[in-house]
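The chains referred to below are lettered A, B, ... by the order of the sequence lines, with proteins before strands, and numbering in each begins at 1. Keep in mind that the numbers below use all heavy atoms, side chains included, and drop hydrogens, waters and symmetry copies.
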Amino acid sequence: MRGQYALALGDDALVLAQRLGEWVARAPELEEDIALANIALDLLGQARTLLSYAGEQEGEGRDEDALAYWRDDREFRNVLLVELPNGDFAATMARQLVFAAYQYELYDRLRAGTDDTLAAIAGKAVKEVHYHRDHATQWVLRLGDGTDESRRRMVAALDAVWPYAGELFEPFDGADVDPATLREPWTAYVHGVLAEAGLDVPEPTAARRGGRAGLHTEHLGYLLAELQHLHRSHPGVTW
Amino acid sequence: MAPTDQRTDDREAAFYAIVDSDGRIEPRDDMPEAYRRSLVRQIAQHAHSEIIGMQPEGNWISRAPSLRRKAILLAKVQDEAGHGLYLYAAAETLGVSRDELLELLHTRKQKYSSIFNYPTLTWADVGAIGWLVDGAAITNQVPLTRCSYGPYARAMVRICKEESFHQRQGFESLLTLTRGTPAQKAMAQDALDRWWYPSLAMFGPPDTGEQVSGGHTEQSMRWGIKRFSNDELRQRFVDMTVPQSEVLGLTVPDPDLRWNDERGHYDFTQPDYDELFRVIKGDGPCNEQRLRHRVAAQEDGAWVREAAAAYASKRKQAAA
Amino acid sequence: MSEWPLWEVFIRARRGLSHQHVGSLHAPDAAMAVRNARDVYTRRGEGVSIWVVPSGQITASSPDEKDAFFDPAADKVYRHPTFYEVPAEAKHL
């Protein structure tokens, strides 16, 4: 059971790292290219330790690469939020704010959880995610209170991402931290940022869910096809 | 002699006194205008190469065949963004802005290294770029750490320090392939076949005829910007690389390559310089694609840069 | 369109050392400049503290005044400890 939980958290980090990697050589400024790559690298590092641990717990000899490259999309357990296409910079920052604020509260509690390995992973990762959350916050403030165009894009980005936030807090069997307990601190943080940026909290809508159960958006299939094709073309070799 | 000329002469003498004694020129020192212009062009071209060079390798980040390789490649491409940044900053000490330089790149008035106009067709190309292209770049760059212009030399020190992992990871990645399956080894050989001559061409045209006397190379050497000729550096690269290819178990695609005992160097076939000039002029396989990608990133990001600037000025006004 | 201003970056490599100039970068404001500096200049754990200063805010001595500024210090050898000869048996000086 715990293997499943580490797998889900690892998939979140892996899929989001893959998405952020798509920004390389496309960011609005050189400094931002470097910042986004840093965040992607942090998430990729988290994914590797979480997937390795999930493999150990499963006990069938699957390592990080076996789990990342040899599962199909129906077997991935990430939330839908992280697989959404990057969109424009505002869309990526909206997704970053929603996810990093969640991941920060999650890791912060996981540090004190009953699973020592997860606690150790979270203890290291929480510092990274603290920075990710701050990075997204800085940009949401600037885009929300920048120009008319940036504000229009930021509002649209938040509206688009909002339905995917609910899934973050749904119950997960065998979770070390009950996701529902994260909603309150998450709400306090995210609503605080939006208020400071002069942005309205989007209207509540029906939550888009299914990722944790392997029911994904159409986007994930393409993301995985790209991620996995070379590895699968040469089964069993060393890279 | 008019007094103003005397002063110019004194300033020029002071400049050459520093350069000739292997000292460093710093941003606010007097320098001949031609020296300044030459440096701006060279540093900018170098910076452009770093950021355009992110594309061929970045092409494989999403498809890297293991998570470890993905992390390494992402870190490496990120370093290249950093190197571009250091170099633009060095050029900015000479009184040009990054935006001006990018504009010159985007309008094709300044160049970048021709090597990045070749496509990365397989995963082995990523290893070959690390091993050959970064190897050639390091051969070129190490002497630049002693270049006469302080900010450029300091940027190169930082870059060379960071680059050392780039070449090693490329070599290690290729070694893994050559020790792998026949398909992996064939992939590595194919990459070497395609990247060998373009890598040799990275050192520029041969130093013959007017290139040597009165040409660009001689002037750059006089100014302490360039320390070795193109041919010297190319030879150094070949001498260093051929034994490494033997460790890899790969064949350098040059039937005339052999050790020359008398010279104490390898004899080798020169790259096709007509091709080099064609690619530099814009007729390489990827020139259009690379530039279009770069311009699109710049244009797509304009509203973000404007928003951040607008936010900053609002805050400044509110504080005033 | 206006370019983001240039900032000079100073890093304290570790506790006990002073901040040293390491390079520059562009950022829209101070808050972003210090974050960008973290990403650009401490990717390999090069620092424990960062200063950023708008490049335009730095007042530099002029190279034209170089002789007047720095030459007078060159002949004040008595400011350096090696100027003073003391017997070898006098320790801790």
State the [atom1]-[atom2] distance between [X] and [Y], to the nearest 0.5 angstrom.
| X | Y | atom1 | atom2 | answer |
| --- | --- | --- | --- | --- |
| C:D39 | A:L36 | CG | CG | 9.0 Å |
| A:Q138 | C:N36 | CD | CG | 10.5 Å |
| C:R35 | A:E32 | CZ | CD | 12.0 Å |

Subject >> 4.5 Å side-chain heavy-atom contact, C:M32 and A:E31 >> reply: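 C:M32 does not reach A:E31 side chain to side chain.
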Take a 6.0 Å sphere around [atom1] of [X] and say whether it holds more than 12 heavy atoms from other residues, nucleotides or ligands.
| X | atom1 | result |
| --- | --- | --- |
| A:R208 | CZ | no |
| C:E46 | CD | yes |
| A:R152 | CZ | yes |

